[in-house]
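Heads up: the structure comes next, in structure tokens.
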Amino acid sequence: MRKLEGLSASPGIAVGPVFRYVDEPAASIPRYDIDADEAGRHWDRFDAALEKSRREIGFLMDGRNKEQNDILEAQLLMLADPEFIPQVRSELFKALVNIETVLQRKIDEATALLRSTGDAYLSERAVDIEDAFGRVMTHLLRGGKASPAPRFVPPGTILAAANLRPSEALALRDSGIIGIALEEGGATSHVAILARAWKIPAVMGVRGLLDLVCDGDEMVLDAVDGVVIVEPAADAVSRYKSMEKSESRLKSAASGTRAALTTAPAVTTDGERMTLRANIALSDETDEARLEGAEGVGLYRSEFLFLGRDSLPDEELQYEEYRRVLEGMQGAPVTIRTLDAGADKMIADQRDYVEKNPLLGWRAIRYCLERRDVFRTQLRALLRASAHGDLKIMFPMIANLPELEEALSILEDAREELQREKIPFNRDMKVGIMVEIPSAAVCADQLAQRADFLSIGTNDLIQYSMAVDRENPKVAYLYDCFNPAVLRLISMTIDAGKSAGIDVSMCGEMAGDPVSVFLLMGLGLRNFSMSPALVNPVKELVRKVSLRDAREVAQSALGLSAPREIRKLLQERLKAYE
Ligand code: PEP
Ligand code: MG
């Protein structure tokens, strides 16, 4: 039994076999001569790597559909090929070079031969050879520890990986995995946000995870306490399995109580009304948002429509998607954020652009202002969708007023185009910005003169104001929304919006945490947007506290300097309501 600690990023418990996902480029293949008496040892390594690869493929075949099983079965046959394997052996003993060089040579020969036929079927087999023996090569290169990137993720498994890109995470949604354990990442990484939305338990920041687990190992993922246990003792398995069951019983019981809360308004005991909306990434999440009682969508992350594609979605496809979101929300307001691509969310058009500091680089509005054609296409699709519901749009990562002016002028061009083409759209569609860069918070008064609303993105605002990568567990101690600097920036933004007479909302993860919401209400915030599953917990908080109390506690919090003290103060004040 081996236990590792991390951080709970999406609550829940899962018990099951591990699927180890390694998506790194294979190390370059070394070439060196060997003595005749070393060849036997190289052959043994090859044999062991073959065996491990067969075991992994066998594991992947469990419960797979027929088409996938056929591919894997063919790969198993390749790994026992009565011609290829002996050829590798005789080449090794004849050429006396290391086994990796021999294997690569043989893979290249076999695949070149198949491809030279020009036959589509045989060329496909070449891909299978590369895939199957690529797995063997990975084991050789990495001392048998890693498994190469999977084509399929077996349902019923807990995925263990270093990290996942949002595009990879998207592919997991319907895979049937029961949990996610990552070496990197934090509570506001996009994969954590998605895992919470899809209710997949996740533990992140588990250092040393991949050194400890192999495919098929039994794992307990305790995403309540943020712990993973590899090869747990039998009594731990049964204890966690019963917790897993009572968790799902609790969830269904909670959905009963939730029904009553869902229709109740979010009003404090002294009558102050809050608006709670949902954050979603895909149009088919609107049903859940409505069922959880969200009064609209406060953040639709449009870049997810662009991820995992080889080309950019065209105007028509985007228009249909945005329209689906509006229709799915049945008349409730929807805020769509324009493309926030770049950094961890690289889209097809950005892949060849390598940056030293992607988080500080060519992302979000910066990308859109340069790729005007891409931006204009999205704006046209959004304007067209605005004819079908209460749509607002907002620009991500605005750093200063000139940037906002430029974005607005491109929007105006798109409006004029549509007008000329006599295509209907809502002329009065509200246009806001995300305040997620400290410069925007500091100059929120200037930006508020041109924006119809401000939406505070604390996930990035914390990252940029504290100079701490939101996915790096090593410096996660600084990534805390209760840092006084962050609270001051939030407070300045709320005040600037109030003075300009425009709405201020928050769509960062902080808005979905009831303890933080208590403080934010006290700072003057009235609009909150969060993962659908958090609407009810936040509403419960709003309905049990008074605004007077929230104001008082916020004033005291602003006078403190340590995040820990602020959290303690809030928790203690909330205890009085229990
Ligand atoms: C944020 O930064 O707070 C935000 C909501 O945007 P994202 O998490 O997508 O960066
Ligand atoms: Mg952001």
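Side-chain atoms are counted along with the backbone in the values below, which use heavy atoms only and exclude waters and symmetry mates. In listed order, ligands and their atoms are each counted from 1.
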No-hydrogen, no-angle side-chain donor-acceptor test under 3.5 Å, E295 and T275: no

Contact partition for R470 relative to ligand 1, non-hydrogen atoms under 4.0 Å: side chain

For atom 1 (C) of ligand 1, closest protein heavy-atom neighbour: N459 CB, 3.4 Å

Under-4.0 Å heavy-atom contact with ligand 1, by part of M434 that carries it: side chain

V535/M530 under side chain to side chain contact (heavy atoms under 4.5 Å, CB included): CA gap, chis, key distance, verdict: CA-CA 7 Å; V535 171; M530 64 216 73; 4.0 Å; yes

Backbone or side-chain N or O of E509 under 3.5 Å from ligand 1 N or O: no

Interfacing atoms of ligand 1 (cut-off 4.0 Å, heavy-atom, D460): 1 (C), 2 (O), 3 (O), 10 (O)

Nearest-contact summary for atom 7 (P) of ligand 1 - protein heavy atom, Å: H190 NE2, 3.3 Å

Close-contact set for ligand 1 against L299 heavy atoms, below 4.0 Å: 5 (C)

Within 6.0 angstrom of K544 NZ, more than 12 heavy atoms from elsewhere: yes

Heavy atom of the protein closest to atom 6 (O) of ligand 1 (residue, atom name, distance): R337 NH1, 2.9 Å

Crowding at CD, E355 (>12 non-hydrogen neighbours, <6.0 Å): yes

4.0 Å heavy-atom contact, K345 with ligand 1: yes

Qualifying residue, where the test is ring pair (Phe, Tyr, Trp, His ring centres under 6.0 Å) with H388 and the options are F425, Y319, Y322: Y319

At the Mg ion (ligand 2): angle between D460 atom OD2 and E436 atom OE1, to 10 degrees: 100°

Atoms in ligand 1 with a heavy atom of E436 nearer than 4.0 Å: 1 (C), 2 (O), 6 (O)

